[in-house]
Chemist: 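Would you mind keeping the following structure in view while I ask a few things?
For the single chain, residues carry numbers from 1 onward in sequence order.
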Amino acid sequence: MNRLFIFALLGALCGFGSAAAQNNAGKIDDIGRVAVTPVVLENSNIPKNAANTMIGKMRSAITKTGLGSSAADCRFVMTLNAELLSKEITPTAPPMVAVVAAPRFYIGDMRDGTLFASFALPNVKGVGQNEDKAFIQALRNVNLNTPAFAAFIEEGKTKIIAYYNTNIDFIIREAEAKADKEDYDGAIAQLMGVPTVCAEPYAKAMDKVKIIWQRKIDKSSAAELAKAEQAWASSQDADGANAAGAFLANVHPSSSSAAAAGALVNKITIRMKEIADREWALEDRAMALAEQKQRDETALEMAALNAAKEVAVAAASQPVYYTPVVYWW
C-alpha cells in the first residue's frame, strides 16, 4: 500500500454521508398547489387524432388559472366528452360529412370517481371527408378562453380544496398504512399532494411527512450500516475499507445510524493508519537494510582489498631464500 492510496482512502471514508446530505432534489413542479391534469379518456367519443389538440386546449386554460400539472398520474383531472347531435351528408361534389357536437368538460377525482364540476360548451359544427374528420374539425372550433370556462375551473379548484379540508385525517391514515408496508415514497408523495392553500391540512400533512421521512432514512441507513460492518468484519484491510466505505456513503447523516456509522469510520481510519504506519515503517526499514547491505558490500570489498594489500605487504617483507635446482629440461 502506498501513501497516496491511504490518503485517498481516508478521505473517502471521512466523507461518509456528505453525498447523502447533498440536495439532490430537482425543481418541485406541482408540489404544494392544487394540480389538475388534462386527459382524454379512451372511452370518450373524442377521435384519437383530436385527443392531443384537446389536451393542448385544456392545458392552456388550466395553466392560466395556476392549476397546471405535468404529472401523467395526477389524481385530479380535467377531461371531456362530446355527444354527436347530428350527422349529415352534404349535397356537394364530392359529398362531405357535416356534424354537430355538444362538448362537455369535467373536473374530477380519478381515484374514487368523484365529480367536482362540469361545464357544457355551445354546440360546435364541423365538416370533413368522413365522420372522424368532421368531428375533429368541430372540436377545433372549441373556445376555452372565456370567463365562463375560467369560472368552471375555479369551481373545481374550490371543491378540491374542500375535499382536502374534509378528508385530511383519512389521507394521513392512508399514508401511514403505506409507510407500515415500507412504501415510504408512496406515503410521502400522497402527503405532499396536499395543497398549501389548505393551511391546516397542509400543516398536518407536513408534520407526518417529517415522521415518515425519518422512518425511511432510519431503515435504509441501518441496512447500509449493517452491510458496512459486515464488509469490514470480513476483511480489515484496504479491500474491506473500500467495501465498507461504499456502504457508509449511503448512511444518511440525519438517521439514527449516523453515530454508529461515524464510529465505524473512525475505527476503519485508525486501523488503516496503523497499517499504513506499519507498512511505511517496513518500507523505511527495508530501505535502510538495502542501504546497509550496499554499505556492507562496499566495506567488504574495501576490507578484502585492504587485506590483500596487507598480505602483499607482509609477503613482500619476508626474506627470500634461493634453493639450487637441477634443470631437467
Side-chain angles (χ1 to χ4, degrees), residues 26-31 33-90 92 94-161 163 186 189-190 192-193 195:
K27 179 182 178 182
I28 298 177
D29 185 12
D30 298 315
I31 303 272
R33 59 190 174 92
V34 178
V36 177
T37 301
V39 298
V40 173
L41 303 178
E42 292 184 357
N43 60 352
S44 70
N45 293 328
I46 308 301
K48 290 184 178 180
N49 291 338
N52 287 338
T53 298
M54 297 313 302
I55 287 175
K57 285 177 177 284
M58 289 188 289
R59 179 176 290 116
S60 178
I62 292 169
T63 301
K64 288 179 180 179
T65 65
L67 304 183
S69 169
S70 59
D73 59 348
C74 184
R75 176 173 183 174
F76 302 109
V77 301
M78 177 188 290
T79 189
L80 80 155
N81 204 351
E83 180 183 357
L84 180 62
L85 298 180
S86 67
K87 180 177 70 172
E88 298 178 352
I89 305 299
T90 63
T92 59
M96 304 288 280
V97 177
V99 301
V100 177
R104 178 177 287 272
F105 291 79
Y106 309 88
I107 295 176
D109 184 343
M110 287 288 286
R111 180 182 298 177
D112 60 21
T114 300
L115 175 65
F116 295 122
S118 64
F119 184 77
L121 262 66
N123 297 342
V124 289
K125 299 178 180 181
V127 178
Q129 294 176 341
N130 55 46
E131 182 178 326
D132 270 6
K133 291 183 177 181
F135 215 103
I136 292 169
Q137 181 61 43
L139 292 174
R140 285 176 180 164
N141 295 324
V142 167
N143 179 20
L144 304 184
N145 189 24
T146 65
F149 198 81
F152 152 68
I153 297 176
E154 187 64 27
E155 179 187 358
K157 171 184 174 180
T158 300
K159 290 187 177 179
I160 290 173
I161 291 173
Y163 165 85
Q190 179 168 336
M192 292 298 291

Chemist: Is Asn45 reaching over with its side chain to a backbone N or O of Ala82, donor-acceptor style, under 3.5 angstrom?
Modeler: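 Yes.
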Chemist: For residues 144-152, which side-chain donor-acceptor pairs fall under 3.5 Å, sequence neighbours excluded?
Modeler:
unit_1, atom_1, unit_2, atom_2, d
Asn145, OD1, Lys64, NZ, 3.3
Thr146, OG1, Phe149, N, 3.2

Chemist: Looking at every non-hydrogen atom in both residues, tell me the closest pair between Ala50 and Ile46 and how far apart they are.
Modeler: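 Closest heavy-atom pair between Ala50 and Ile46: CB-CG2, 4.1 Å.
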Chemist: So which atom in Val77 and which in Val36 form the shortest heavy-atom distance, rounded to 0.1 Å?
Modeler: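 So the minimum-distance heavy-atom pair works out to C-CG1, 3.6 Å.
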Chemist: Keeping Thr79 on the side-chain end and Val39 on the backbone end, is there a donor-acceptor pair under 3.5 Å?
Modeler: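 Answer holds: yes.
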Chemist: So, taking the atom named CE in Met78 and the one named CE in Met54, what distance separates them when rounded to the nearest 0.5 Å?
Modeler: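 One gets 10.5 Å once the value is rounded to the nearest 0.5 Å.
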Chemist: Could you grab the distance from atom CE of Met96 to atom CD1 of Ile89, nearest 0.5 Å is fine?
Modeler: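 Those atoms lie 10.0 Å apart.
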Chemist: Please say which of Thr53, Val40, Leu139 ends up in a side-chain contact (heavy atoms from CB on, under 4.5 Å) with Pro47.
Modeler: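 It is Leu139, the one option of Thr53, Val40, Leu139 that forms the side-chain contact (heavy atoms from CB on, under 4.5 Å) with Pro47.
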Chemist: Checking side-chain contact (heavy atoms from CB on, under 4.5 Å) for the pair Lys125/Val100: CA distance, chi angles, key distance, verdict?
Modeler: CA-CA 5 Å; Lys125 299 178 180 181; Val100 177; 3.8 Å; yes
Chemist: Tell me the closest heavy-atom pair linking Met58 and Phe105, and the distance in Å.
Modeler: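 Taking Met58 first and Phe105 second, the nearest heavy atoms are CG-CE2, 3.7 Å.
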Chemist: Would you name the heavy atoms of Leu85 and Ala102 that are closest together and state the gap between them?
Modeler: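 Nearest heavy atoms, Leu85 then Ala102: CD1-CB, 3.8 Å.
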Chemist: Hey, what do you get for CD (Gln129) to CD (Gln137), rounding to the nearest 0.5 Å?
Modeler: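 With rounding to 0.5 Å, CD (Gln129) is 11.5 Å from CD (Gln137).
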Chemist: Could you tell me if the side chain of Lys157 sits less than 4.5 Å from the side chain of Thr65, heavy atoms only?
Modeler: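 Side chain of Thr65 against side chain of Lys157, heavy atoms only: no contact under 4.5 Å found.
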Chemist: Can you find a pair of side-chain heavy atoms, one from Ile107 and one from Phe76, that are under 4.5 Å apart?
Modeler: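 No. Closest side-chain heavy atoms not under 4.5 Å.
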Chemist: Under 3.5 Å, is there a donor-acceptor pair between the side chain of Thr114 and the main chain of Asp109?
Modeler: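 Such a contact is absent between Thr114 side chain and Asp109 backbone.
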Chemist: What heavy-atom pair brings Gly108 and Phe116 nearest, and what distance separates the two atoms?
Modeler: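 Result for this residue pair: CA-CD1, 3.9 Å.
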Chemist: For Gly128, is there any backbone N or O sitting under 3.5 Å from a side-chain donor or acceptor partner on Lys133?
Modeler: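 A pair under 3.5 Å: no.
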Chemist: Val97 and Ala134: which non-hydrogen atoms are nearest, and at how many Å?
Modeler: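 Looks like O-CB, 3.3 Å.
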Chemist: Counting N and O atoms only, with roles assigned by atom type, does the side chain of Ser60 sit under 3.5 Å from a partner on the main chain of Gly56, one being a donor and the other an acceptor?
Modeler: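 Pair absent, no side-chain N/O of Ser60 close to backbone of Gly56.
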Chemist: Is there a donor-acceptor contact under 3.5 Å from the side chain of Lys87 to the main chain of Glu131?
Modeler: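 Checked: no pair found.
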Chemist: How many angstroms lie between OG1 in Thr37 and CD1 in Ile62, if you round to the nearest 0.5 Å?
Modeler: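 Rounded to the nearest 0.5 Å, the OG1-CD1 separation comes out at 7.5 Å.
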